[in-house]
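We name chains A, B, ... by the order of the sequence lines, and we start the count at 1 in each one.
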There are 2 protein chains.
Amino acid sequence: MTKPSHSIDAVERDVGLSKDVLRKWERRYGFPSPSRDCHGDRAYSDDEIHRLRLIKRLIDQGRRPGSVVALKRSQLEQLLDSTGDTASPECPIATDVARLLRDRRVADLRTTLNQMLLRQGLQHFVRNTVAPLNVAIGEAWLHGDIEIAEEHLYTEQIQTVLRSAIATQTGAGASPRILLTTLPDELHALGLLMVEATLVCEGATCIALGTQTPAADLAAIGAGNAFDVLALSFSSAFPRRRAVDSLIALRGRLPASIPIWVGGSGISGYRPTADGITVFRDLDSIVLALQQWRNRGLS
Amino acid sequence: MTKPSHSIDAVERDVGLSKDVLRKWERRYGFPSPSRDCHGDRAYSDDEIHRLRLIKRLIDQGRRPGSVVALKRSQLEQLLDSTGDTASPECPIATDVARLLRDRRVADLRTTLNQMLLRQGLQHFVRNTVAPLNVAIGEAWLHGDIEIAEEHLYTEQIQTVLRSAIATQTGAGASPRILLTTLPDELHALGLLMVEATLVCEGATCIALGTQTPAADLAAIGAGNAFDVLALSFSSAFPRRRAVDSLIALRGRLPASIPIWVGGSGISGYRPTADGITVFRDLDSIVLALQQWRNRGLS
DNA sequence: CGCACAGTTTGTCCTGGACAAATTGGGAAG
DNA sequence: CTTCCCAATTTGTCCAGGACAAACTGTGCG
């Protein structure tokens, strides 16, 4: 059994904390305190990486570094458990899915998902199955019950199922045309697909741009009146401040006739300062907003 | 007309050159030479960003920084044109697709793609339509004919079409089972999908893990004998040295019975030093390798 | 012509410091 | 007791300049 060690570059990539932050924490809080290799470069241990991941998640939840960096592994896990347990009790199939993932029974997994989709209908499937499953899988990874590779496998299968369903639902170009994307640095495509599925069910036309569209491009497209609504998603890993700044800048550069709809855990709780920005907490309220948009001008 | 300026952080993100490299180039070659904002922080212009992108691409093609950093925009474009034009003359529909993208006629675009898919069959479609289209779209972006946003739109549509096709083809779990993924930092999922489509057509079972699977996880999965072949893809943006290092490390940790198949422009020309690593230059040779694998033990 | 070896190029890491933006904690005012 | 505002602290990001190994270059010798 060797002791794998990781360069600061690898940690930045795998955990999502910049080299500068890693070095500053080491100096300020005494953690992490990596050993050094033969060149004097930092060599992080597996345990440090794991703790850093937990810390990252806690900070994304709103805690401050001074209060969580330097905590022990068990304390971090306890903190994460105490806060995250708001809505996870449901979702009975989560254990089934986790088992299929561990055994890598891809075909069976896809069949299971497709059956649920057919039984529940796309909208219900997204809201009551995919959403809680995502949470459950994320927590399972956190507890070490499944590997990253298995989380990837899950993501791939869900993507396939959702994309196929969306493709069949897409009809003629009905109103409104909704541009759907995330800003740079945003990797979690699954949330976008879930929103797209919900909207397509309601007869809207989605122009999905995938992830990481530069804000400048969005402004340029908006000027051409190629869409009626701009919908953005932010994951909790997205720096809060950058999210708000970009939103305000975009609002200024986009025609006032185009509302901006925002969602995702990275932006929850934000009270929009400008008109024409709406924050959504769940998928249902998006459906409501869609209906309101269609009735606009009547109120 | 304002002059947008970008922080060093934004440049790192958008161009893909680290802050360290940007600062070193400034000192060594005199380019880029960003102005400073009120805090003394570097503020890069749009033109510098564009030039940096061209430079990045040239370096990914194998040139050395000393010979291309500090060249003017027109010289860079000339260099790129002279080398890249090996296989681009074909692909007549590229202009049609570009037009649909510019007008954001998503539904029409998808219809067009689906029609071609039906007419040509999945395998032919991937090799003779998608592959050259990718090149053409990439070049169109380079020349400023289309925006990044439109490239994203294209990627999304292709993904949807390919994923749907793959989903319908997937049958029972036939041999071999092929694990398909990229290592960390690898974002280009399209190449993976193309390979998956090709393999599925040949009756193989693909376990697609999407992008950015840590090498350690792959080794762990391989030990469990959950698959027969490991297929990896590297884009040209992937640092050559890291690619080779990871390959060798993986080869050492994986059972000898599992061959590693590698492809993508990031690894082309690499002559494998270890047994059990095969480099593929195109999709056809993968099909051949698949047939050889099935006949293994007979030679 | 092939190969080994010295010189140059190049990316990444290091230290230590500066600083603005965000957050917190009181205390004054209503 | 609540609300608001200001000062102290926390925190992330940037900067400069230097060190160094790995990769690449080219040159001379066999």
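One finds no side-chain N or O of B:Y29 lying less than 4.0 angstrom from the OP1 or OP2 phosphate oxygen of C:dT9. Dashed line: the shortest gap from a side-chain N or O of B:R42 to OP1 or OP2 of D:dA16 is under 4.0 Å. Taking 4.0 angstrom as the limit, A:S18 places none of its side-chain polar atoms (N or O) nearer than this to OP1 or OP2 of D:dG12. Taking only side-chain nitrogens and oxygens, B:R64 never comes nearer than 4.0 Å to OP1 or OP2 of D:dC24. Look at A:R27 and you'll find a side-chain N or O under 4.0 angstrom from OP1 or OP2 of C:dG16. Phosphate proximity of C:dG11 to B:W25: present, with a side-chain N or O under 4.0 Å from OP1 or OP2.
Protein atom CZ of B:R242 is 13 Å distant from nucleotide atom C1' of C:dG11, rounded to whole Å. Atom-to-atom, CG of B:D9 to C1' of D:dG12 comes out at 10 Å; the value is rounded to the nearest Å. Regarding B:E26, its CD atom lies at a distance of 11 Å from the P atom of D:dG17, rounded to whole Å. Summarising the geometry, the separation between CG on B:L22 and C1' on C:dT12 is reported as 13 Å, rounded to the nearest angstrom. The nearest whole Å value for the distance from the CZ atom in B:R36 to the C1' atom in C:dC19 is 15 Å. In this structure, B:K19 atom NZ and C:dT10 atom P are separated by 23 Å, rounded to whole Å. The interatomic distance linking A:D20 (CG) with D:dT11 (P) rounds to 16 Å, in whole Å. If you take CZ of B:R63 and C1' of D:dA23, they are 18 Å apart, rounded to a whole angstrom.
Salt bridge annotation for A:D9-A:R13: present, with a cationic side-chain nitrogen under 4.0 angstrom from a carboxylate oxygen. Between A:E48 and A:K72 there is no salt bridge, since no side-chain N of the basic residue sits under 4.0 Å from a carboxylate O of the acidic one. Ion pairing between B:E12 and A:K19 fails under the 4.0 Å rule for side-chain N and carboxylate O.
With hydrogens and angles ignored, no donor-acceptor pair closer than 3.5 Å exists between the side chain of A:K24 and the base of C:dG16. Donor-acceptor pairing under 3.5 Å, judged by distance alone, is present between the side chain of A:R28 and the base of D:dG12.
Cation-pi geometry between A:R42 and A:Y44 is not satisfied (NZ or CZ under 6.0 Å from the ring centre, within 45° of the ring normal).
Map A:D41 and A:D245 each onto its nearest nucleotide of DNA chain C; the residue landing nearer the 5' end is A:D41. Between B:A10 and A:S67, it is A:S67 whose nearest contact on DNA chain D lies nearer the 5' terminus.
Within the 4.5 Å cutoff, the side chain of B:I221 has no heavy atoms near those of the B:L230 side chain.
Residue A:H39 places its side chain closer to D:dA21 than to any other of D:dA21, C:dC13, D:dC14.
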